[in-house]
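Each chain gets a letter, A, B and so on, in the order the sequences are listed, and its residues count up from 1.
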Amino acid sequence: MKIKYELLKTDNNCKARHGIIYTNHGSFHTPMFMPVGTLANVKTLTPEMLKDISSAIILSNTYHLWLRPGEDIVNKAGGLHKFMNYDGPILTDSGGFQVFSLAKNKKKDITEEGVKFKSHIDGTNLLLTPEKSIEIQNKLDSDIAMSFDECPPASASYDYLKNSLERTLRWAKRGKDAFNNDNQSLFGIVQGGPYEDLRKYSATETVKLDFDGYSIGGVANDGESKEDMYKAVDYSIPYLPTDKPRYLMGVGEPIDIIEGVIRGIDMFDCVLPTRIARHGVAFTKYGKLHLRNAKFKEDFTPLQEECDCYTCNHYTKAYIRHLLVCNESLAGTLLSIHNIRFLIKLTEDLREAIDNNKVLEFKEEFIKNYRN
RNA sequence: GGGAAGGUAGCGAAGUGGUUAAACGCGGCAGACUGUAAAUCUGCUCCUUCGGGUUCAUUGGUUCGAAUCCAAUCCUUCCCA
């Protein structure tokens, strides 16, 4: 079956909404943060660890699984869930984001047919098309597949964005026509940079194609300002149906999740919590902590006093710093547990705030505490 | 007792007459990271009142100029007795 979105409550003072998404692998409340598991694993964590921190749905990646191990192997294994021993919902990204960063000559390599690029593993010349991306995702058998879109850089001009978004629309249609998996849902992606007319057009036309959910793409790219990111959301949301989930791709920072929720976003994904974890950084309500810093040498307190995660319940900053300094991979695991829990708890708190019409107050309170 | 090699910044290690305060690695310090080509990448790491000052075991010498050449001394490692 396709996923289903049920709206439970909207905040009276903004567009924030609390809902539930039902999938073949269980349901979860939204807004929700989704950890990223590009290569069919959330780096350094087991599925059990994810369940333990109430992680409800994870991402994986079409491009990476296409190259290794190959979608047919995943399919033979019984699909992505069985292959990676994860029985919760999985969303696969289309590979567009990867492929565009690998395409050397944007003008020449991005054609109507698809995107030409070289494999980052062995340099093989490859072509990824909307049909191919969907075919791979159908075989991976994730719960939610993403349309193959172009994710232009923040620096792209209005004219470039306009042409690019038109092509993304054509690709969305082609992908939808090629789609062939009754147990999987497909999301369309709205592009258009920070421009109101482009976002409106992209959203309206994408919705006409009738997807199971809609995402807002092209944000949080190379140095895009937060204002532009919020504009992209503001200009897209009004044209999206209220009975389908909305997903802000690639976000991210705690404050951006809050701003996204206020604007009506239901789903977020980001590599940040797991990446900065491996790099020794922890989210806290007071800001980010660089655990390698010498000042934590003798700090025998948890990352954050009130945190309910496994890491905070059992380990100190001094110990995690020690692991980091010694390059022990457990540091990445412990910090990933904490950071993902931090963002998921953030969405839990936001849902409670929505139920009480207090999302805007929640944001003010959060900003007051959060530094850097 | 005889012979050989060697002593370079916190450590390891290049350099063997001048553009060398001295490569590089480690360690240390700080930073970046937003649909993961990222357990990665970047910067700093003798002292400084930012003008400069003091360095390559120690002392003395050669030279316009030495970590680099010479002498003595003190250490270290290895080989033979």
Could you tell me the separation between the [atom1] atom of [X] and the [atom2] atom of [N], rounded to a whole number of Å?
| X | N | atom1 | atom2 | result |
| --- | --- | --- | --- | --- |
| Ile276(A) | G31(B) | CD1 | C1' | 13 Å |
| Ile90(A) | G35(B) | CD1 | P | 19 Å |
| Leu59(A) | U34(B) | CG | P | 15 Å |
| Arg68(A) | A37(B) | CZ | C1' | 9 Å |
| Leu335(A) | A38(B) | CG | P | 20 Å |
| Ile258(A) | U34(B) | CD1 | P | 19 Å |
| Asp222(A) | G35(B) | CG | C1' | 14 Å |
| Leu272(A) | A32(B) | CG | P | 11 Å |

For this session: With the side chain of Ser329(A) defined as its heavy atoms from C-beta on, choose the nearest nucleotide among U36(B), A39(B), G35(B).
Result: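 Given the options U36(B), A39(B), G35(B), the side chain of Ser329(A) is closest to A39(B).
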
Exercise. Nearest to the side chain of Val281(A) - A37(B), G35(B), C33(B)?
Worked result: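 Nearest listed nucleotide: C33(B).
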
Exercise. Does Ile216(A) belong to the same Ile/Leu/Val/Met/Phe/Trp/Tyr cluster as Tyr235(A), with side-chain heavy atoms less than 4.5 Å apart forming each link?
Worked result: no

Exercise. Is Leu165(A) linked to Tyr160(A) within one hydrophobic cluster, defined over Ile, Leu, Val, Met, Phe, Trp and Tyr using a side-chain heavy-atom separation of less than 4.5 Å?
Worked result: no

Take atom [atom1] in [N] and the same atom in [M], then report the distance between them in whole Å.
| N | M | atom1 | result |
| --- | --- | --- | --- |
| A21(B) | A66(B) | C1' | 15 Å |
| A9(B) | A67(B) | P | 14 Å |
| C46(B) | A32(B) | C1' | 28 Å |
| U59(B) | U54(B) | P | 15 Å |
| A13(B) | G17(B) | C1' | 22 Å |
| U8(B) | C75(B) | C1' | 16 Å |
| G51(B) | U19(B) | P | 23 Å |
| U73(B) | C78(B) | C1' | 22 Å |

For this session: Can you establish whether the number of heavy atoms outside His25(A) located under 6.0 Å from its atom NE2 is more than 12?
Result: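 Atom NE2 in His25(A) is crowded, with more than 12 foreign heavy atoms closer than 6.0 Å.
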
Exercise. In this structure, are over 12 heavy atoms from other groups packed under 6.0 Å from Arg170(A) atom CZ?
Worked result: yes

Exercise. Thinking salt bridges, do Asp266(A) and Arg17(A) make one under a 4.0 Å N-O criterion?
Worked result: yes

Exercise. Tyr310(A) vs His314(A) aromatic rings, parallel, tilted or perpendicular, using cut-offs 30° and 60°?
Worked result: tilted

Exercise. Within 45° of the six-membered ring axis of Tyr286(A) and under 6.0 Å from that ring's centre, is NZ or CZ of Arg371(A) located there?
Worked result: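 Geometry flag: not set, cation outside 6.0 Å or 45°.
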
Which part of the nucleic acid, if any, lies within contact of [X], taking any heavy atom under 4.0 Å across all strands shown: a base, the sugar-phosphate backbone alone, or nothing?
| X | result |
| --- | --- |
| Leu102(A) | base |
| Thr274(A) | base |
| Gln191(A) | base |
| Ile189(A) | base |
| Asp269(A) | sugar-phosphate |
| Gly280(A) | nothing |
| Asn61(A) | sugar-phosphate |

Exercise. OP1 or OP2 of U34(B) less than 4.0 angstrom from a side-chain nitrogen or oxygen of Asn221(A), does that happen here?
Worked result: no

For this session: Using a cut-off of strictly less than 4.0 Å, decide whether Gln98(A) has a side-chain nitrogen or oxygen near OP1 or OP2 of U36(B).
Result: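 Looking at the OP1 and OP2 atoms of U36(B), one of them is under 4.0 Å from a side-chain N or O of Gln98(A).
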
Nucleotide forming a Watson-Crick or wobble pair with [N], both distances under 3.5 Å:
| N | answer |
| --- | --- |
| A4(B) | U77(B) |
| C41(B) | G31(B) |
| C46(B) | G53(B) |
| C24(B) | G12(B) |
| C69(B) | G61(B) |

Problem set entry | Nucleic acid footprint by protein, nucleotides 25-30 of chain B - heavy-atom cut-off 4.0 Å, B for base, S for sugar-phosphate alone | ---SSS

Exercise. So, does Ser94(A) use its side chain to make a donor-acceptor pair with the main chain of Gly96(A) at under 3.5 Å?
Worked result: yes

Exercise. In terms of base orientation, is G61(B) syn or anti, with the syn window spanning 90° either side of 0?
Worked result: anti

For this session: Might you work through the salt bridge (charged side-chain N to carboxylate O under 4.0 Å, His left out) test for Glu113(A) and Lys132(A), ending with a clear yes or no?
Result: CA-CA 11 Å; Glu113(A) 187 186 10; Lys132(A) 183 67 185 173; over 6 Å; no

Problem set entry | No-hydrogen, no-angle side-chain donor-acceptor test under 3.5 Å, Asp143(A) and His81(A) |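 The answer is yes; a qualifying pair exists.
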
Exercise. His279(A) stacking on U40(B): centroids under 5.5 Å, ring planes under 30°?
Worked result: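 One would call His279(A) stacked on the U40(B) base.
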
Problem set entry | Closest-nucleotide ordering on RNA chain B, the 5'-leading residue of Arg278(A) and Ser60(A) |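 The 5'-side residue here is Ser60(A).
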
